Structures are given as C-alpha cells and as structure tokens.
Amino acid sequence: MPVANDKRPVILTGDRTTGPLHLGHYAGSLKNRVRLQSTHQQFLLLADAQALTDNAREPDRVRRNVLEVALDYLAVGIDPTVTTICVQSALPALAELTLLYLNFVTVARLERNPTIKDEIQMRGFGRDIPAGFLCYPVAQAADITGFKATIVPVGEDQAPLIEQTNEIVRRLNHQIGRDVLLEARALIPDIGRLPGVDGKSKMSKSQGNAIPLSASSDQIRDAVRRMYTDPDHLRAADPGKVEGNVVFTYLDAFDQDPLGVEDLKARYRRGGLGDVVVKRRLEKVLQTLLAPIRERRERLSRDPGFIIEVLRKGTSEARERTQATLDELRGALGLSVLQ
Ligand code: ATP
Ligand code: MG
C-alpha cells in the first residue's frame with residue numbers, strides 16, 4: 001500500500017470493465033504493470049464509468065466485469081499489498097474534475113482525436129455518438145491527473161489520449177499561473193498493439209477477436225487453429241509471408257526463444273514450412289503462458305469476498321487521494337467562496 005510521503009513515481013492505468021482481459025492487455029500493458037509495481041507507486045482503475053460510455057444499454061455487463069478484471073489483475077501477479085486497485089464509479093472527485101476540464105477542451109479537438117475517430121468507426125456510431133463517449137478522453141485526463149500520475153503504461157492505441165491529457169494540463173496550469181497538475185508520459189511496449197486472432201489491427205474485448213487470459217486449454221487450441229495466417233500460403237512447399245501473419249506476430253510477442261522464431265520465419269519465407277507446424281509451436285507457447293494464470297484465477301474466484309475487500313480498501317485510499325487533487329484545483333480556480 002502507498003505510504004505517506006512516498007517519493008516513488010506514480011503510475012495510473014485502467015481497464016474498461018467490458019469483458020475479461022486478454023493477451024493484448026497482457027503484452028500491451030499488464031506485463032509492465034506487474035514489473036513496475038515494486039519500484040513505483042501504482043494505482044489501477046477499474047474503469048466502469050468509462051465502460052458505460054459505449055455500453056449504456058448493458059450496465060449489468062459492466063458491473064459483472066468489475067470483478068472479472070480484478071481477478072485478471074491478481075491472476076497475472078498484481079499484488080494488492082503494493083498496488084492500489086480501485087473502482088472508478090466510486091470516486092466522485094474524478095467526475096467533478098472531468099466537469100471542470102470540459103471547459104478547457106473544444107468539441108472540435110475531441111472529434112479530431114485519432115483514437116476516438118478509430119473507435120467511433122469500429123463501433124459504427126456514425127453521427128450518433130454518445131456525448132459521454134466523445135468526452136471520455138477528458139475523463140481519462142481527470143483519472144491520470146486526479147492521481148497525480150506521471151507514468152501511464154498503455155497500449156499504443158492510447159498514445160493520443162495521453163497527449164490530450166497533457167494539453168488539458170498545460171491549459172489549466174497556464175490559466176492558474178502555476179503547475180498544480182502534472183504532465184504524464186505514456187509507457188508503450190515495443191510490441192505496439194497486438195492484432196486480433198482474425199488479423200484485424202487490434203485484439204479487443206468488444207470485437208470478439210480476443211484470447212482471454214482465462215481461456216481454457218481447448219479455447220486456446222481452437223483459437224490458434226482458426227488463426228489468420230498468410231491467405232496465399234496454400235501449400236507447405238510455397239513461400240509464405242511473415243508480415244501481417246498473426247501467428248508470427250504472437251510468436252514475436254510471447255515466445256521466449258526469439259532466435260528460434262527468427263529461424264522459423266526464414267524457413268517459412270523460403271517455403272517448405274506448413275502453417276500447422278508454426279501453429280503447433282504457438283499453441284505450446286500460449287498454453288505454457290496461460291496455464292498458471294488460469295489456475296491462479298480459478299483459485300481466487302472461489303473467494304469473491306477477498307476481491308471485494310481488496311477493492312473496498314483500494315477505493316477508499318483512492319477516494320482520499322483524488323479528493324485532495326480536486327480540493328487543490330478548486331481552490332486554485334477560485335471555486336472556494338464557501339470555504
Ligand atoms: P474495449 O474493446 O472495451 O475498448 P479493449 O480490449 O480495447 O476493450 P481497454 O480496456 O480499452 O481494452 O484497454 C485497456 C488497456 O489495454 C489500454 O492501455 C490499451 O491500450 C491496452 N490494450 C487493449 N487492447 C490491446 C491490444 N490489442 N494490444 C495492446 N494493448 C492493448
Ligand atoms: Mg479500448
């Protein structure tokens with residue numbers, strides 16, 4: 001747990017509670033979070049309020065997945081005695097910060113945000129964009145700054161959102177005349193974004209192209225079997241393409257033996273190596289990675305009371321911290337007539 005006067009750099013990241021976490025989360029950011037938790041002061045946000053911005057008709061799904069994502073955190077090795085896990089909707093200061101920040105960003109700027117543009121298209125909103133969805137980058141700015149975080153480990157798709165956060169920070173600090181809020185830096189792993197098993201640009205909970213961290217060994221086997229490879233590689237003897245071939249992308253991300261993977265790539269390019277062989281190797285890699293996570297998850301899921309206790313404690317700490325930022329900002333903006 002964070003201690004008073006903790007001087008370690010502060011990390012904040014979150015996950016929308018739209019479904020259990022998947023390999024994209026693991027490669028894209030969870031691995032970093034597990035690694036950094038011992039040297040940094042880390043807060044993990046279960047972003048149920050943000051999940052509602054495009055799931056307003058499925059509040060049940062959003063609520064159910066709060067526990068699922070929390071379980072995923074603990075199963076991959078997030079230690080609740082050093083990392084604070086909290087629930088976004090139970091932190092009213094974040095909603096109030098969002099409201100203040102909305103005055104420091106224009107609708108045109110939000111519409112130009114490349115992440116938002118991509119996501120609007122992916123979700124097929126057309127012109128009917130929920131206002132909450134368009135504004136979620138502002139809420140994300142409130143999350144990051146509310147915790148006074150300076151490091152945000154995220155997938156590559158989130159980089160424009162951190163830029164947007166820093167713009168808001170600069171505007172507010174300029175308005176106030178001193179640095180009340182801190183700018184943050186995105187920590188993006190080399191892998192960038194992990195594609196979906198269907199070859200689409202991003203593995204995503206909402207797109208049905210994910211391998212969840214909780215996948216059974218049968219699910220892993222089936223997903224690898226159906227995985228997108230090189231559509232022109234019809235016979236094993238033919239030369240194959242490695243670029244855009246999801247099986248190789250996953251081997252790059254998860255295989256512990258990169259030289260072995262390079263060798264395999266060369267043989268595939270040359271011709272004479274069938275998809276089945278490459279897939280067999282990937283299946284083994286994924287089974288080995290996910291089996292212990294799945295077992296830990298199963299064990300933890302038998303004690304939901306423990307998870308709720310972790311969330312209760314983390315959220316109460318987070319409430320104090322975010323309220324302090326809100327009080328400071330309100331004071332700085334002069335919204336303090338009654339104090
Ligand atoms: P949704 O489809 O509901 O938006 P998601 O799968 O995109 O869900 P988020 O909760 O939006 O997941 O993202 C949480 C974090 O995981 C973010 O930092 C995001 O960049 C990262 N992430 C999600 N998917 C991937 C991926 N395929 N590759 C790399 N990072 C990812
Ligand atoms: Mg997302």
Side-chain angles (χ1 to χ4, degrees), residues 11-34 36 42-59 61-66 68-70 72-73 76 78 85 87-88 113-125 130 132-134 136-137 139-141 143-144 149 151-165 184-215 223 227-228 246 249-250 252-254:
I11 292 182
L12 181 275
T13 41
D15 295 277
R16 293 149 41 86
T17 59
T18 48
L21 301 185
H22 52 64
L23 284 176
H25 296 107
Y26 188 74
S29 133
L30 272 180
K31 236 168 45 180
N32 272 340
R33 304 186 213 172
V34 173
L36 295 171
Q42 177 162 258
F43 296 88
L44 294 188
L45 193 61
L46 296 160
D48 55 347
Q50 191 192 118
L52 266 191
T53 63
D54 60 339
N55 287 278
R57 302 230 169 99
E58 287 189 277
R61 170 174 169 208
V62 169
R63 185 186 49 81
R64 227 181 26 248
N65 280 301
V66 171
E68 294 298 319
V69 176
D72 286 325
Y73 284 167
V76 297
I78 294 294
I85 307 176
V87 181
Q88 189 183 37
N113 187 312
T115 306
I116 294 292
K117 269 191 178 159
D118 278 1
E119 292 187 340
I120 286 173
Q121 206 182 7
M122 236 160 55
R123 285 162 178 74
F125 283 146
F133 187 82
L134 186 67
Y136 93 69
Q140 213 157 297
D143 300 337
I144 295 168
I151 302 171
V152 190
V154 283
E156 185 211 28
D157 59 311
Q158 299 280 306
L161 297 174
I162 312 300
E163 252 174 63
Q164 172 93 75
T165 294
R185 177 171 69 81
L187 184 69
I188 298 170
D190 294 341
I191 160 91
R193 79 181 69 177
L194 196 75
V197 292
D198 54 359
K200 293 232 178 78
S201 70
K202 189 186 152 199
M203 180 179 282
S204 156
K205 291 185 228 113
S206 310
Q207 302 292 306
N209 62 3
I211 300 183
L213 295 175
S214 52
M227 207 168 268
Y228 181 87
V246 175
T249 310
Y250 287 17
D252 279 336
F254 302 109

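Everything quoted here is computed from the prediction, not taken from an experiment. Order of appearance sets the numbers: ligands from 1, and atoms from 1 within every ligand. Values reported hereafter were calculated over all heavy atoms of this structure, with side chains retained and with hydrogens, waters and symmetry mates removed.
- Side chain of Asn209 to backbone of Ser204: a donor-acceptor contact under 3.5 angstrom is found.
- For Leu194, heavy-atom contacts with ligand 1 shorter than 4.0 Å involve the backbone as well as the side chain.
- Those atoms of ligand 1 with a heavy atom of Thr18 less than 4.0 angstrom away are 1 (P), 3 (O), 8 (O).
- Contact annotation for Arg123 and ligand 1: only side-chain heavy atoms (C-beta onward) come within less than 4.0 Å of the ligand.
- For atom 29 (C) of ligand 1, the closest non-hydrogen atom of the protein is Gly24 O, 3.4 Å.
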Take Met227 and Val197, measure what side chain to side chain contact (heavy atoms under 4.5 Å, CB included) needs, and give me the verdict at the end.
CA-CA 5 Å; Met227 207 168 268; Val197 292; 3.8 Å; yes

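- Protein heavy atom nearest atom 15 (C) of ligand 1, with residue, atom name and distance: Asp15 OD1, 3.7 Å.
- Listed by atom number, the atoms of ligand 1 under 4.0 Å from Gly14 heavy atoms are 14 (C).
- When only non-hydrogen protein atoms are considered, atom 18 (O) of ligand 1 lies nearest to Gly155 N, 3.2 Å.
- Taken to the nearest 0.5 Å, the CD atom of Gln207 stands 7.0 Å off from the CZ atom of Arg123.
- Taken to the nearest 0.5 Å, the CG atom of Leu36 stands 4.5 Å off from the CD1 atom of Ile11.
- The shortest N or O to N or O distance between Ser204 and ligand 1 is under 3.5 Å.
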For the pair Arg16 and Asn55, evaluate side chain to side chain contact (heavy atoms under 4.5 Å, CB included) and give the outcome as yes or no after the intermediate values.
CA-CA 11 Å; Arg16 293 149 41 86; Asn55 287 278; 4.0 Å; yes

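- Under the 4.5 Å side-chain criterion, counting only non-hydrogen atoms from C-beta, Leu187 is not in contact with Val154.
- Here the heavy atom of the protein found nearest to atom 16 (O) of ligand 1 is His25 CD2, 3.0 Å.
- Side-chain contact check for Tyr228 versus Thr249: every heavy-atom pair is 4.5 Å or farther apart.
- Residue-ligand proximity, Met203 to ligand 1, at heavy-atom distances under 4.0 Å covers atoms 24 (N), 25 (C), 26 (C), 27 (N).
- One side chain, Asp15 or Tyr73, offers a donor N or O that lies under 3.5 Å from an acceptor on the other.
- No donor-acceptor pair under 3.5 Å is formed between the side chain of Asn32 and the backbone N or O of Pro153.
- If you look at His22 next to ligand 1, the close heavy atoms, those under 4.0 Å, all belong to the side chain.
- Which parts of ligand 1 touch Gln158 is read off a 4.0 Å heavy-atom cut-off, strictly below it: atoms 17 (C), 18 (O), 19 (C), 20 (O).
- At the top of the distance list for atom 8 (O) of ligand 1, counting protein heavy atoms only, stands Lys205 NZ, 3.1 Å.
- Counting atoms of ligand 1 from 1 in the listed order, those under 4.0 Å from a heavy atom of Gly28 are 29 (C), 30 (N).
- For atom 7 (O) of ligand 1, the nearest non-hydrogen atom of the protein is Lys202 NZ, 2.7 Å.
- Among protein heavy atoms, atom 1 (P) of ligand 1 sits closest to Ser206 OG, 3.3 Å.
- Met122 is not listed as a side-chain neighbour of Asp54, based on a closest heavy-atom distance of 4.5 Å or more.
- The atoms of ligand 1 that sit less than 4.0 Å from any heavy atom of Asp157 are 19 (C), 20 (O).
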Pair Thr13-Leu45, side chain to side chain contact (heavy atoms under 4.5 Å, CB included): steps then yes or no:
CA-CA 6 Å; Thr13 41; Leu45 193 61; over 6 Å; no

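- Among all non-hydrogen protein atoms, the one lying nearest atom 4 (O) of ligand 1 is Arg16 NE, 2.9 Å.
- Against a heavy-atom cut-off of under 4.0 Å, Val154 is close to the following atoms of ligand 1: 18 (O).
- The backbone N or O of Leu161 sits nowhere less than 3.5 Å from a side-chain atom of Gln140 that would complete a donor-acceptor pair.
- In this structure, Gln50 does not count as a contact residue of ligand 1, since none of its heavy atoms falls inside 4.0 Å of the ligand.
- For the ligand labelled ligand 1, residue Ala210 lies outside the 4.0 Å heavy-atom shell.
- A salt bridge does not link Lys202 to Asp118: none of the charged nitrogens lies less than 4.0 Å from a carboxylate oxygen.
- Annotation for ligand 1: atoms under 4.0 Å from non-hydrogen atoms of Arg193 are 28 (N), 29 (C).
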